[in-house]
There are 2 protein chains.
Amino acid sequence: MENKDIFIKKLRSSGLRPTRQRIEICKVLYDRKKTFHFTINDLSKILKKKSNEKISLATIYNTVCAFKNRNYLKEISINSSKSYFDTNVSNHHHFFNESTDELIDLKNEDVGNIKLKKKIPGKKIKSVEVLVKIQDNN
Amino acid sequence: MENKDIFIKKLRSSGLRPTRQRIEICKVLYDRKKTFHFTINDLSKILKKKSNEKISLATIYNTVCAFKNRNYLKEISINSSKSYFDTNVSNHHHFFNESTDELIDLKNEDVGNIKLKKKIPGKKIKSVEVLVKIQDNN
DNA sequence: ACACTACTTTAGAATCATTATAAAGTAGGT
DNA sequence: ACCTACTTTATAATGATTCTAAAGTAGTGT
Ligand SMILES: [Mn+2]
Ligand SMILES: [Mn+2]
Ligand SMILES: [Zn+2]
Ligand SMILES: [Zn+2]
């Protein structure tokens with residue numbers, strides 16, 4: 001399991017000791033090929049299924065928050081009821097399927113280049129992101 | 001006060017009786033020239049100052065929610081901690097000033113036309129909105 | 001104007017996501 | 001092995017939002 005070493009590095013560089021629980025969290029987050037979009041509740045349920053450890057919500061929040069601060073995870077705000085996180089930390093755009101509450105990455109090339117014609121003096125731009133809300137054709 | 005009649009119509013068409021409290025809420029929301037972006041807490045504080053009535057949070061939530069359902073208000077999700085509402089109910093884009101937690105409208109013409117090159121079969125697009133996060137120059 | 005009924009207001013409780021607390025457990029250095 | 005700082009976890013606290021139910025009010029009809 002060479003990935004484990006990568007996870008340990010991720011944890012250490014986030015200021016966290018590599019513990020059993022945190023390694024399990026890393027496996028769910030990063031042991032996959034595609035981008036993972038999730039809520040804390042999603043992550044918690046997956047951990048309950050896939051891992052033998054019981055991992056408390058406090059530990060999950062703690063680890064996710066540290067990864068977010070270290071820019072190993074990105075937070076996405078879609079609606080007020082809960083927070084989404086994204087293993088794709090680059091600036092990018094999203095579809096949000098309101099029928100399934102599912103987030104889907106949009107590649108930057110799938111969205112024409114966005115040129116802002118308005119500037120605000122004394123302010124710098126931190127990000128420009130597009131959210132496309134979609135629904136099932138009923 | 002001809003505006004009062006407009007407020008009464010808004011309320012009735014939202015399925016609400018025009019009460020003292022709801023008229024006060026309407027005044028704060030709609031008796032202004034520019035778009036108003038607010039949180040429930042903002043609105044509550046303004047009502048405490050500008051109005052002699054004491055208006056409970058329950059009434060504020062109730063009224064705002066009815067206006068949102070009737071499309072007299074639009075909800076904007078910026079971060080997970082609280083919900084913003086907008087008296088500009090058209091599809092439009094925003095600056096969000098992270099230094100002040102302030103929302104600012106961007107006109108559609110201030111953002112180049114956005115052409116999506118990716119479609120998702122069986123889904124229809126409900127909205128395409130851009131959020132530009134800005135911060136004070138240090 | 002009076003009465004009736006359905007809708008409204010409100011204080012307070014309930015809920016839910018998230019954060020904080022603090023006691024018991026563990027990792028890493030010596 | 002020992003020490004100490006960091007971690008885990010159950011549990012409590014918080015804060016936004018929603019719910020409840022009792023007291024108040026608006027609209028309708030008389
Ligand atoms: Mn989910
Ligand atoms: Mn505000
Ligand atoms: Zn993404
Ligand atoms: Zn707006």
Side-chain angles (χ1 to χ4, degrees), chain A residues 4-5 7-28 37-48 51-70 73 75-85 101 103, chain B residues 4-5 7-28 37-48 51-70 73-85 101:
Chain A
K4 191 171 174 184
D5 296 330
F7 299 156
I8 291 174
K9 272 183 195 156
K10 267 196 150 79
L11 287 165
R12 287 215 185 283
S13 68
S14 305
L16 300 176
R17 285 186 184 167
T19 62
R20 290 191 314 272
Q21 293 89 335
R22 286 170 177 165
I23 298 284
E24 291 302 305
I25 292 172
C26 283
K27 282 184 197 166
V28 174
H37 296 98
F38 64 95
T39 64
I40 293 290
N41 188 45
D42 292 335
L43 179 53
S44 174
K45 275 192 277 189
I46 293 172
L47 283 165
K48 277 197 188 86
S51 169
N52 301 318
E53 306 276 343
K54 330 162 194 172
I55 302 177
S56 74
L57 265 183
T59 296
I60 297 175
Y61 273 104
N62 171 336
T63 307
V64 165
C65 185
F67 280 160
K68 177 190 158 191
N69 292 337
R70 184 57 216 271
L73 286 176
E75 189 169 6
I76 314 271
S77 283
I78 300 296
N79 60 49
S80 39
S81 60
K82 56 193 155 194
S83 234
Y84 284 77
F85 294 90
D101 277 10
L103 266 179
Chain B
K4 192 172 173 185
D5 296 329
F7 299 156
I8 290 175
K9 273 184 196 158
K10 267 194 151 77
L11 287 165
R12 287 214 186 283
S13 67
S14 305
L16 301 175
R17 285 185 183 169
T19 62
R20 290 191 313 273
Q21 293 90 336
R22 286 170 178 165
I23 298 286
E24 291 303 303
I25 292 172
C26 283
K27 283 185 196 165
V28 173
H37 296 99
F38 64 95
T39 64
I40 293 290
N41 189 44
D42 293 336
L43 180 53
S44 173
K45 276 193 277 191
I46 294 172
L47 284 165
K48 278 198 188 86
S51 170
N52 301 317
E53 306 276 343
K54 331 161 192 168
I55 302 178
S56 74
L57 265 183
T59 297
I60 297 175
Y61 274 104
N62 171 335
T63 307
V64 165
C65 184
F67 280 160
K68 177 190 158 194
N69 292 336
R70 185 57 216 271
L73 286 176
K74 183 182 169 76
E75 188 169 7
I76 314 271
S77 284
I78 299 297
N79 60 48
S80 39
S81 60
K82 57 193 154 193
S83 233
Y84 284 78
F85 293 89
D101 276 9

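Every chain is numbered from 1, with letters handed out A, B, ... down the list of sequences. No experiment lies behind these values; they were computed from the predicted model shown.
In this structure, the CG atom of N69(A) is 11 Å from the P atom of dT19(C), given to the nearest Å. Counting to the nearest Å, the C1' atom of dA27(C) and the CZ atom of F7(A) are 20 Å from each other. Atom CG in N41(A) sits roughly 17 Å away from atom P in dT15(C) (whole-Å rounding). Regarding N62(B), its CG atom lies at a distance of 11 Å from the C1' atom of dT10(C), rounded to whole Å. Separating the CG atom of L57(A) from the C1' atom of dA10(D) is a distance of 11 Å, rounded to the nearest angstrom. When rounded to the nearest whole Å, the span between CG of L47(A) and C1' of dT9(D) equals 15 Å. Atom CG of L11(B) is separated from atom P of dG27(D) by 11 Å (rounded to the nearest Å). Rounded to an integer number of Å, the gap from R20(A) CZ to dT26(C) P is 6 Å.
The side-chain heavy atoms of F85(A) and D42(A), taken from C-beta on, include no pair separated by under 4.5 Å. Contact of the L47(A) side chain with the Q21(A) side chain is not registered, since no non-hydrogen atoms from C-beta on lie closer than 4.5 Å. Contact annotation: the side chain of S77(B) never approaches that of I78(A) to less than 4.5 Å [non-hydrogen atoms, C-beta and beyond]. Here the side chains of I8(B) and R12(B) are in contact, with some heavy-atom distance below 4.5 Å. Within the 4.5 Å cutoff, the side chain of K48(B) has heavy atoms near those of the S44(B) side chain.
R22(B) has a side-chain polar atom (N or O) that falls below the 4.0 Å cut-off from OP1 or OP2 of dT9(C). Put simply, Y61(B) has no side-chain N or O that comes within less than 4.0 Å of OP1 or OP2 on dT18(D). Between T19(A) and the phosphate of dT8(D), there is a side-chain N or O to OP1/OP2 separation shorter than 4.0 Å. Contact between the side-chain N/O atoms of Q21(A) and the OP1/OP2 oxygens of dT9(D) is found at a separation under 4.0 Å. In this model, the phosphate group of dT9(C) is not approached by any side-chain N or O of S56(B) to a distance below 4.0 Å at OP1 or OP2.
With dG27(D), dT9(D), dT7(D) as the candidates, the nucleotide lying closest to the side chain of R17(A) is dT7(D). Among the nucleotides dT17(D), dT7(D), dT9(D), the one closest to the side chain of S83(B) is dT17(D).
Mapping P18(B) and E75(B) onto DNA chain D by nearest heavy atom places E75(B) closer to the 5' end of the strand.
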